[in-house]
Undergrad: 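Provided herewith is a single structure, encoded as structure tokens, for subsequent inquiry.
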Amino acid sequence: MDRRRFIVLGTAGSVAVLTGCGGSGGGEGAVTPPAGTAPLPGSPPVSNPPPASPVSPLTVGQPLTDLVRLANTSPTPNVFAATLVARRASKVMLPGTSTEFWTYNSSVPGPLIEVYEGDTVRIRLENQLAQETTVHWHGLPVPPDQDGNPMDPVAPGANRLYEFTLPVGSAGTYWYHPHPHEFTPEQVFRGMAGLFIVRSRTDPVPSAIQEKLLVVSDLRLAADGTIPPNSAMDWQNGREGNYLLVNGQHQPVLSIDPGQSQRWRILNGTNARYLRLALTGHTMTLIGTDGGLLGAPVPGLDEILLAPAERVEVVVTASLTSPASAVLQSLPYDRGGMGMIGPSAATIPLLTVNSTTAARAAIALPSTLNPIADLGLPTQSKSLVFSSGMGMGGMGGGMMSFLIDGKSFDPARIDLTSRLNEIEQWTIENRSSMDHPFHLHGTQFQVMSRTRNGTTTAEPFVAWRDTVNVAAFETVTLKVVQQQLGKRMYHCHILEHESQGMMGVLEVIA
Ligand code: C2O
Ligand code: CU
Ligand code: CU
């Protein structure tokens, strides 16, 4: 156990003491811990120490594997049909042990779903887990009743069909994950999340630029190879594991020819990890965000911050003279919270990029990609406040709360109402000392500006996003239009926060 680890444990220990005084007081925002997970902060102090680090590390340096593809079983053109089975599956991670994951179709990460704009998607979910679950199509413009909301659970042993048609213009890099009430953090950290790509038949990026898909997930393994439940600390800060994986592998190797350009689609599929991505010796060209391509490439980026649930498309051009390598890494990032002096303070290698010997000429990107029209002048506005902090004092003192507009999530309550097709301006203010990634279902929005310490910075370019980080004490302003009737969720995408109440319901009315 090294010193840093010790400090983290020490802090966790003192938190347990601090929060242990809650006793039976179920103060405001109290949530019953889902079965099979550790008690939430504020519960009586029971021993749930963070796990010991595994004795032997995971294998590194294997060639990066392609994602397993979900096969389309439909004979009909423009229809994608398949089944996702939510089930347990074991895999050897640490030599001599076996790790049980919760998976879609026994695959970690979940299988890649790949469709074209205009396709109709029919996916049946079979729930073989012991908990209820749903499939949420993160970022996709699907009807509310097909979106896997917590209000539409699929019971253990049950199944249901999700069906939707993806409109032209929706090409982009999305993902899918469970979204049941309270069980989401556990189902995701045990392995349930997958990439969902909507392709365009008129993609402006030259097809000679090879594409690589990188799904980043976060795994915590105990020495015996098991995936331990959340600790009290995890429920506060959001769970961070002891291994960051890319396509389920620890620090794999991607090959690139010297001079070659590659298009990387990267998903942050972790519960709570902030990825401050940098490629040693290289800059990156940003070409796309959550909801698809930008109007024009943004070249020369030394780093890109990818909050939980965000996606980017970048083009990298290998300026390597063979033989050489570069490392895609996550740089230190302070997202606030308690005791965030552990893994977040370190630079974490994600992927090694090795050059081959066959040099190639770089391929130029077009100067225009996919022009994005500004959504226009808002005619309606909404303000939201994120807050989190230690308790209400008094009897239930020490209860950590995660609230939006001072309220904890209630699936039976409508928190906000929007009119169909109305342009709205949303202002999201973070009054807490930790970052919270804001996510809204059902559509993509355009960030207008960010205000910090009294200084407002206009967003440098228009982009489609469904998740935006709202840093501690920052305010983000965005524009959004909802185009389908029904109930939509909005929440912090640190899944432990979402699960403990930092979520609301928006109803879109005619
Ligand atoms: Cu990715 Cu409401 O979630
Ligand atoms: Cu979502
Ligand atoms: Cu949060």
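Every heavy atom of this structure was used, including side-chain atoms; hydrogens, water molecules and symmetry mates were not. Ligands are counted one by one from 1 in listed order, and the atoms in each one are counted from 1 as well.
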Undergrad: Check whether any side-chain N or O of Asp218 sits under 3.5 Å from a backbone N or O of Gly241 as a donor-acceptor pair, and report yes or no.
TA: yes
Undergrad: Show all protein N/O/S atoms under 2.8 Å from the Cu ion (ligand 3), or state that there are none.
TA: His436 ND1, Cys492 SG, His497 ND1
Undergrad: Under 30°, 30 to 60°, or over 60°: which ring-plane class applies to His250 and Tyr243, parallel, tilted or perpendicular?
TA: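 Geometry flag for Tyr243 against His250: perpendicular rings.
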Undergrad: Measure from the ring center of His493 to the ring center of His138 and say whether it is less than 6.0 Å.
TA: yes
Undergrad: Is the Cu ion (ligand 2) less than 2.8 Å from at least one N/O/S atom of His179?
TA: no
Undergrad: Backbone N or O of Gly376 within a donor-acceptor pair of the Asp374 side chain at under 3.5 Å?
TA: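 A pair under 3.5 Å: yes.
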Undergrad: Among Gln482, Lys382, Arg488, whose side-chain hydrogen bond (donor to acceptor under 3.5 Å, both in side chains) with Ser418 holds?
TA: Lys382
Undergrad: Protein N, O or S atoms at less than 2.8 Å from atom 1 (Cu) of ligand 1, how many?
TA: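 The number of such protein atoms is 3.
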Undergrad: Would you confirm whether the ring centroid of His436 sits within less than 6.0 angstrom of the ring centroid of His491?
TA: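 Ring-ring flag for His491/His436: false, centres at least 6.0 Å apart.
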Undergrad: Could you tell me whether Glu507 and Lys487 make a salt bridge, using a distance below 4.0 angstrom between a side-chain N and a carboxylate O?
TA: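 Between Lys487 and Glu507 there is no salt bridge, as every charged N stays at least 4.0 Å from the carboxylate O atoms.
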Undergrad: For the atoms NE2 of His439 and NE2 of His136, give the angle they form at the Cu ion (ligand 2), rounded to 10 degrees.
TA: 170°
Undergrad: Can a cation-pi geometry be assigned to Arg239 and Phe189, taking NZ or CZ under 6.0 Å from the six-membered ring centre and within 45° of the ring axis?
TA: yes
Undergrad: Thinking salt bridges, do Arg124 and Glu126 make one under a 4.0 Å N-O criterion?
TA: no
Undergrad: Any Lys/Arg nitrogen of Lys479 or Glu459 sitting under 4.0 Å from an Asp/Glu carboxylate oxygen of the other?
TA: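 The answer is no: the pair does not qualify as a salt bridge.
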